[in-house]
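Take a look at the structure set out below.
Hydrogens, waters and symmetry mates are skipped; everything else that's a heavy atom, side chains included, is used. Starting from 1, each residue takes its place in the sequence as its number.
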Amino acid sequence: MRRKSILAGLLFTTALALSTAAFACTNFLFTKGATKDGSTMITYAADSHTLYGELYYRRAAQYPAGTMIQIIEWDTGKPLIKIPQAAQTYTTVGNMNEWGLVIGETTYGGREECWDLGNGIDYGSLIYLTLQRTKTAREAIKQIADFMATYGYASEGESFSIADGEEVWIMELIGKGKGNKGAVWVARMIPDGYVSGHANQARITTFPLETKKNTTSISYKNIKKIFDKNITTVYADDVITFARSKGWFNGKDSEFSFSDTYAPLTFSGVRGCEARVYAMFNRINSTMHKYEDYAMGKTLASVNVERMPLWIKPDHKVSVKEVMDLMRDYYQGTAMDMSKDLGAGPYGCPYRWRPMTWSVDGQNYIHERATSTQQTGFSFVGQTRSWMPAKAKGILWFGVDDTYTTVYVPMYGSIAKVPHCFEEGNGSMVEYSPTSAFWKFNQVTNWVYTRWKDMIVDLQKVQNNLENSFIKEVEQIDAKVKNMDDVDAMCKILTDFSVAKGDQTFEAWSNLYNYLLVKYIDGNIKKEKDGKFEETGYRKGDCVFPQQPAYPEEWYRMIVKDHGDVIKDLSPKETK
């Protein structure tokens with residue numbers, strides 16, 4: 001597991017200012033009734049300025065009794081505790097295992113009094129240990145809860161997305177502070193036909209409590225009942241009583257809100273976090289625009305803030321390609337569109353370099369935090385299809401670098417190896433590797449940032465061609481393996497296919513970089529004809545004079561306003 005920065009979010013102060021910290025990660029959740037093909041999907045963008053994008057891989061294994069495993073904190077690489085190893089572990093490919101179970105996360109921080117950092121099992125280890133030991137979402141929830149109760153929880157407040165081929169769950173948890181082992185938590189199943197999301201802000205508010213009349217909700221003391229399909233909510237026994245003991249809640253149990261108690265809304269929690277969920281909701285549900293003022297933090301001062309719902313029903317069923325594109329969001333179609341203001345430069349680049357907060361003449365301002373951001377290490381769309389054979393249920397559509405400019409490459413969850421370009425140890429944040437997909441994609445993207453509105457068109461042609469072709473090829477592979485009895489032969493087909501698609505993507509991106517470098521060198525744009533750069537015809541390799549498109553007129557006006565007296569053309573005007 002590679003080092004990853006703590007994702008604490010922005011802190012809101014009494015002066016209504018934002019204090020920057022690293023904050024990251026976006027998850028969108030799609031139930032099978034909300035998708036065109038009936039699959040479940042979870043997305044995840046692992047965003048950090050120090051996270052290297054690679055595909056973690058652990059092969060299934062058997063261990064003798066008494067074997068111990070050292071827990072290594074995912075964020076820091078720090079050794080934590082040792083726990084007994086499972087007798088049997090499953091193959092994991094990134095955040096998916098061979099059974100199609102997939103888990104994502106976002107860190108929301110929450111009350112610092114609840115943190116006992118470094119004491120127990122950290123959130124990253126919870127994910128990967130659970131993937132190695134469980135097959136279904138319900139098993140995963142029980143395993144995570146058991147881990148925390150037995151060994152303690154070593155990280156900040158966390159939201160997990162957990163899905164198998166049938167169900168999608170959101171689980172939110174936070175520790176109980178020094179001297180109190182374990183965590184308080186709530187897990188809720190997303191109703192079929194609905195979608196949800198979380199992005200560094202706890203989102204579960206009130207939830208149904210276990211009573212004699214309510215058979216859909218249970219507490220941890222009855223967690224074995226989680227395998228009853230009627231159960232759609234599970235929570236820690238003391239999730240409410242612990243809050244009461246700290247003086248954080250004194251209302252009726254039925255009024256208890258997990259988020260409002262353990263991670264109260266702040267301006268940064270809304271504008272920097274909830275806004276990303278709003279942007280996704282807004283693109284697939286025509287009624288969501290009413291929450292734009294909420295997403296911008298304008299309603300936070302209201303006595304009774306109307307929060308966005310935890311889940312919504314989309315206007316239409318979404319495809320895997322649409323889900324990929326939902327991860328490519330910089331608030332297009334909203335007042336927060338990052339390509340529209342001066343900060344986007346003359347070519348409309350929807351990214352802002354850090355710091356994210358700044359002041360002018362005593363007034364504090366922010367840059368938006370969108371789903372698409374330059375510091376993504378890796379991202380994925382985890383898709384699980386209940387109708388496929390066990391080892392072919394899950395596909396991790398995996399990409400490195402910025403979600404807007406990546407390519408999601410199909411990695412089946414039971415493959416025997418990963419493409420070399422995605423392989424762990426192939427380069428690092430301080431070591432360039434010419435065979436690394438992370439470095440190749442960053443090479444392309446950082447060049448595209450310089451002339452976004454022109455180059456992004458060329459990039460998207462290749463991106464869409466690859467992804468659309470991969471989706472069609474997956475259909476062909478599925479048809480080929482669906483009725484195979486030989487599991488080993490099936491896994492070989494899935495492995496060969498996944499590795500080939502990784503290699504193909506790396507080659508395509510290498511060619512794309514060469515093309516963009518030649519086409520846009522020195523601010524010019526070479527002319528093309530019949531798919532080739534146009535030449536003069538006199539000497540081989542001599543190009544015709546390139547295009548030199550002007551800056552947009554509004555950009556010239558800003559230049560004149562800023563520096564017009566100095567750069568004014570003083571030559572005599574021609575007269576007739």
Side-chain angles (χ1 to χ4, degrees), residues 1-4 6-7 56 58 61-90 92 95 97 101 103-162 169 171-187 202 218-224 226 234-239 241-242 245 258 262:
M1 300 173 195
R2 182 65 59 173
R3 180 175 179 175
K4 176 167 170 277
I6 298 291
L7 312 177
Y56 313 136
R58 300 292 180 270
Q62 294 180 332
Y63 297 90
T67 301
M68 302 295 287
I69 181 172
Q70 174 70 60
I71 304 301
I72 303 296
E73 188 174 33
W74 189 41
D75 284 338
T76 66
K78 173 185 174 182
L80 298 176
I81 61 175
K82 290 184 178 181
I83 68 170
Q85 177 61 283
Q88 171 72 59
T89 62
Y90 305 130
T92 60
N95 288 52
N97 71 15
L101 176 67
I103 305 177
E105 60 80 24
T106 71
T107 302
Y108 62 80
R111 290 184 178 273
E112 292 188 29
E113 307 97 307
C114 293
W115 301 353
D116 189 10
L117 305 185
N119 188 13
I121 302 180
D122 67 293
Y123 75 93
S125 298
L126 282 177
I127 291 174
Y128 296 109
L129 288 172
T130 298
L131 286 170
Q132 289 181 327
R133 299 176 183 219
T134 61
K135 296 181 180 181
T136 70
R138 290 175 185 259
E139 288 180 5
I141 291 166
K142 183 179 183 300
Q143 180 67 83
I144 292 170
D146 287 346
F147 272 144
M148 293 187 296
T150 305
Y151 303 110
Y153 177 61
S155 299
E156 302 172 16
E158 195 76 19
S159 300
F160 286 152
S161 301
I162 307 171
W169 290 71
M171 182 180 190
E172 297 195 322
L173 55 93
I174 194 168
K176 296 190 286 188
K178 296 185 183 301
N180 297 291
K181 188 169 70 171
V184 288
W185 53 272
V186 181
I218 58 169
S219 64
Y220 178 68
K221 66 183 177 182
N222 292 319
I223 197 165
K224 289 184 179 179
I226 192 174
V234 192
Y235 55 91
D237 297 340
D238 57 351
V239 67
T241 57
F242 181 74
S245 73
F258 183 88
Y262 292 111

* Apply side-chain contact (heavy atoms from CB on, under 4.5 Å) to Ile162 and Ile144, showing your working. => CA-CA 11 Å; Ile162 307 171; Ile144 292 170; 4.0 Å; yes

* Check the side chains of Tyr220 and Asp146 for a donor-acceptor pair under 3.5 angstrom, ignoring hydrogens and angles. => yes

* **Any side-chain heavy-atom pair of Leu129 and Ile71 under 4.5 Å** => yes

* If every non-hydrogen atom of Ala183 is compared with every non-hydrogen atom of Ala236, which pair is closest and at what distance? -> O-CB, 4.0 Å

* **Pairwise side-chain contact, Tyr90 with Gln132, heavy-atom cut-off 4.5 Å (strictly under)** => no

* Asked: Which is it for Gln85 and Arg133 under the side-chain contact (heavy atoms from CB on, under 4.5 Å) test, yes or no, and what are the steps along the way?
  -> CA-CA 10 Å; Gln85 177 61 283; Arg133 299 176 183 219; 3.5 Å; yes

* Are any non-hydrogen side-chain atoms of Met148 and Leu126 less than 4.5 angstrom apart? -> yes

* Asked: Closest heavy-atom contact between Glu139 and Lys135?
  -> OE1-N, 2.7 Å

* If you take all heavy atoms of Ser159 and Ala202, which pair is closest and at what distance? -> OG-CA, 4.2 Å

* Closest approach of Leu101 and Ala137, non-hydrogen atoms and distance? -> CD1-N, 3.7 Å

* Distance in Å, Ile103 CD1 paired with Tyr123 OH, rounded so as to fall on 0.5 Å steps -> 13.5 Å

* **Side chain to side chain, Pro84 and Met68, heavy atoms closer than 4.5 Å** => yes

* To do: Taking Ser125 for its side chain and Ile72 for its backbone only, find out whether a donor-acceptor pair lies under 3.5 Å.
  => yes

* Asked: When the ring planes of Tyr262 and Phe242 are compared, do they come out parallel, tilted or perpendicular, using 30° and 60° as the limits?
  -> parallel

* Asked: Can you tell me if Asp122 and Tyr153 form a side-chain donor-acceptor pair at under 3.5 Å?
  -> no

* Any side-chain heavy-atom pair from Val186 and Glu172 closer than 4.5 angstrom? -> no

* How far does CD of Glu113 sit from CG of Asn180, to the nearest 0.5 angstrom? -> 12.0 Å

* Asked: Is the backbone of Asp238 close enough, under 3.5 Å, to the side chain of Tyr235 for a donor and an acceptor to pair up by distance?
  -> no

* May I ask you to test the Ile218-Ile226 pair for a side-chain heavy-atom distance under 4.5 Å? => yes

* Structure fact -> Distance col, row Phe147:CZ vs Thr130:OG1, nearest 0.5 angstrom, shows 5.0 Å

* Asked: Would you find a donor on one side and an acceptor on the other, under 3.5 Å apart, between the side chain of Tyr63 and the backbone of Thr89?
  -> no

* Atom OH in Tyr151, atom CG in Asn119: separation rounded to 0.5 Å? -> 14.0 Å

* Structure fact -> OG1 of Thr106 to CD of Glu158, rounded to nearest 0.5 Å, is 6.5 Å

* Rounded distance [0.5 Å steps], CG in Asn97 versus CZ in Arg58 -> 14.0 Å

* Which one of Leu173, Val239, Ile174 satisfies the side-chain contact (heavy atoms from CB on, under 4.5 Å) criterion with Trp185? -> Leu173

* To do: Would you confirm whether Trp115, through its side chain, and Gly109, through its main-chain N or O, come within 3.5 Å as a donor-acceptor pair?
  => yes

* To do: Answer yes or no: is there a donor N or O on one side and an acceptor on the other, between the side chain of Gln88 and the main chain of Ala61, under 3.5 Å?
  => yes

* Structure fact -> Closest heavy-atom pair, Lys176 versus Lys181, reported as atoms and distance to 0.1 Å, is CE-O, 3.3 Å

* Kindly say whether Leu131 contributes a backbone atom to a donor-acceptor pair with the side chain of Thr92 at under 3.5 angstrom? => no

* Structure fact -> What one should report as the nearest heavy-atom pair of Pro79 and Gln70 is CB-NE2, 3.7 Å

